[in-house]
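Written out below as structure tokens is the structure these notes cover.
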Amino acid sequence: MTAKNPMRLHWLDPRHPLQPFPHPGLALSEPNGLLAIGGDLSLSRLLIAYRSGIFPWFNPDEPILWWSPDPRTVIPLPPGPHVSRSLRRALRRADFAVSLDRAFEEVIAACSEPRAEQNGTWLGPQMIAAYVELYRRGYAHSLEIWRHGRLIGGIYGLALGRIFFGESMFSRASNGSKLALVCLAQQLHAWGYRLLDCQVGSAHLQSMGAIEIPRNEFLDMLQADAKLANPPRQWRLDLPTPPGDAHHLPAA
């Protein structure tokens with residue numbers, strides 16, 4: 001069996017959440033990275049998956065699909081995301097506020113809203129419930145961007161060791177998601193994180209400085225970094241905040 005074999009797809013038993021995943025090298029090459037089907041989205045299975053370089057991605061009307069693409073799209077820390085001139089100006093204006101883990105459920109709900117260029121959404125109720133549980137247990141986190149008390153951008157994902165597995169981001173105003181990505185990368189770098197995993201590439205992520213690395217290289221980094229002691233907890237921002245920051249935050 002090799003990753004080139006297009007016929008083999010591994011089945012996960014939903015009755016056994018601690019069942020090991022097949023090695024990511026056995027993932028299909030077309031569609032790129034599809035490794036397994038079935039199982040459940042229990043906390044135990046999700047943690048096993050992410051620690052193995054695997055993540056769930058499926059439409060609400062589909063069975064659970066598990067992926068480990070080759071190559072893997074990541075943003076190294078440093079240097080972090082690319083900051084364009086317009087984004088640099090937006091950062092200097094500081095007409096926004098940043099928070100961590102203040103509105104996780106609002107962020108994931110916003111990320112689940114259908115995009116103009118898409119039909120429907122992959123973030124269905126089953127996925128949302130699973131990641132909200134990860135958040136409540138201190139594994140999943142969100143960064144929020146506010147302006148005059150209104151949520152205008154955000155990003156959420158999973159933190160293990162020195163790797164942050166980015167899941168999705170959204171924008172309701174110009175640069176909303178870009179500000180979220182840059183601010184998250186700055187905070188992660190300050191905490192000693194090594195990598196912001198973006199999973200699958202896109203033109204938008206490439207414009208923000210994401211690069212592709214071989215899956216084997218990603219798995220090697222995962223072995224070194226994602227298994228480090230990192231007790232689950234709720235996050236608090238400890239980077240300097242811009243003047244007038246409190247003016248833009250919503251009322252507590």
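As the structure is a prediction and not an experimental result, all values here were calculated from the model.
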Holding to salt bridge (Lys or Arg N to Asp or Glu O under 4.0 Å), I want the full list of residues that pass it with [X], two or more places apart in sequence or in another chain.
| X | answer |
| --- | --- |
| Glu133 | Arg137 |
| Glu62 | none |
| Arg172 | Glu113 |
| Arg88 | none |

Under the side chain to side chain contact (heavy atoms under 4.5 Å, CB included) test, residues paired with Gln19 that sit two or more places apart:
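Per chain and number, Gln19 pairs via side chain to side chain contact (heavy atoms under 4.5 Å, CB included) with Leu12, Asp13, His16, Arg45.
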Before giving the answer on side chain to side chain contact (heavy atoms under 4.5 Å, CB included), spell out for Phe55 and Val200 the whole-Å C-alpha distance, their side-chain angles and the decisive distance to 0.1 Å.
CA-CA 11 Å; Phe55 58 88; Val200 180; 4.1 Å; yes
Enumerate the salt bridge (charged side-chain N to carboxylate O under 4.0 Å, His left out) contacts for residues 179-202, please, sequence neighbours excluded, ordered by first and then second residue.
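Residue pairs passing salt bridge (charged side-chain N to carboxylate O under 4.0 Å, His left out), neighbours aside: Arg72-Asp197, Arg194-Asp225.
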Mind checking whether Leu239 and Leu249 sit in one hydrophobic cluster, side chains of I, L, V, M, F, W, Y counted as touching below 4.5 Å?
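Different clusters: Leu239 never reaches Leu249 through Ile, Leu, Val, Met, Phe, Trp or Tyr contacts under 4.5 Å.
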Are the side chains of [Y] and [X] in contact, using a 4.5 Å heavy-atom criterion?
| X | Y | result |
| --- | --- | --- |
| Phe165 | Leu160 | yes |
| Leu143 | Cys183 | yes |
| Trp122 | Ser168 | yes |
| Gln126 | Phe58 | yes |
| Trp67 | Pro31 | yes |
| Glu144 | Val98 | no |
| Arg215 | Leu219 | yes |
| Leu77 | Leu195 | no |

Residue pair His141, Gln234: steps toward the side chain to side chain contact (heavy atoms under 4.5 Å, CB included) verdict:
CA-CA 7 Å; His141 303 278; Gln234 192 172 41; 5.8 Å; no
Could you measure the distance from the [atom1] atom of [X] to the [atom2] atom of [Y]? Nearest 0.5 Å is fine.
| X | Y | atom1 | atom2 | result |
| --- | --- | --- | --- | --- |
| Leu184 | Leu100 | CG | CG | 7.5 Å |
| His82 | Met208 | NE2 | CE | 8.5 Å |
| Met169 | Leu205 | CE | CG | 5.0 Å |
| Phe218 | Leu222 | CZ | CG | 5.0 Å |
| Asn216 | Asp70 | CG | CG | 6.5 Å |
| Ile145 | Ser99 | CD1 | OG | 7.5 Å |

Of all the heavy-atom pairs spanning [X] and [Y], show the shortest one and how long it is.
| X | Y | result |
| --- | --- | --- |
| Ile108 | Tyr131 | CD1-CB, 3.7 Å |
| Leu46 | Pro56 | CD2-CG, 3.8 Å |
| Ile37 | Pro63 | CD1-CG, 3.7 Å |
| Leu158 | Ala140 | CD1-N, 4.0 Å |
| Asp40 | Pro17 | OD2-CB, 4.0 Å |
| Ala103 | Ser142 | C-OG, 4.1 Å |

Main-chain N/O of [Y] paired with [X] side-chain donor or acceptor, under 3.5 Å:
| X | Y | value |
| --- | --- | --- |
| Asn175 | Leu87 | no |
| Asn32 | Pro69 | no |
| Trp66 | Leu34 | no |
| Ser171 | Ala173 | yes |
| Ser68 | Pro24 | no |
| His248 | His148 | yes |

Using side chain to side chain contact (heavy atoms under 4.5 Å, CB included), reason through Leu196 and Leu188 one step at a time and then give a plain yes or no.
CA-CA 8 Å; Leu196 200 167; Leu188 292 173; 4.1 Å; yes
Can you find a side-chain donor-acceptor pair between [X] and [Y] that sits under 3.5 Å?
| X | Y | result |
| --- | --- | --- |
| Gln199 | Glu167 | yes |
| Ser86 | Ser84 | yes |
| Tyr135 | Glu105 | no |

Got a sec: does the CH2 of Trp191 have more than 12 other heavy atoms crowding it under 6.0 Å?
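Buried by this count: over 12 neighbours within 6.0 Å.
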Decide if the gap between the ring center of Tyr156 and the ring center of Phe104 is smaller than 6.0 angstrom.
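Tyr156 vs Phe104: aromatic centres under 6.0 Å.
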Step through it carefully: locate the ring centre of Tyr193, locate the ring centre of Phe164, and say whether they are under 6.0 Å apart.
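For Tyr193 and Phe164, the ring centres are not under 6.0 Å apart.
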Apply the test side chain to side chain contact (heavy atoms under 4.5 Å, CB included) to residues Leu28 and Leu35: give CA-CA distance (whole Å), side-chain angles for both, the deciding distance (0.1 Å), then the verdict.
CA-CA 6 Å; Leu28 304 183; Leu35 177 66; over 6 Å; no
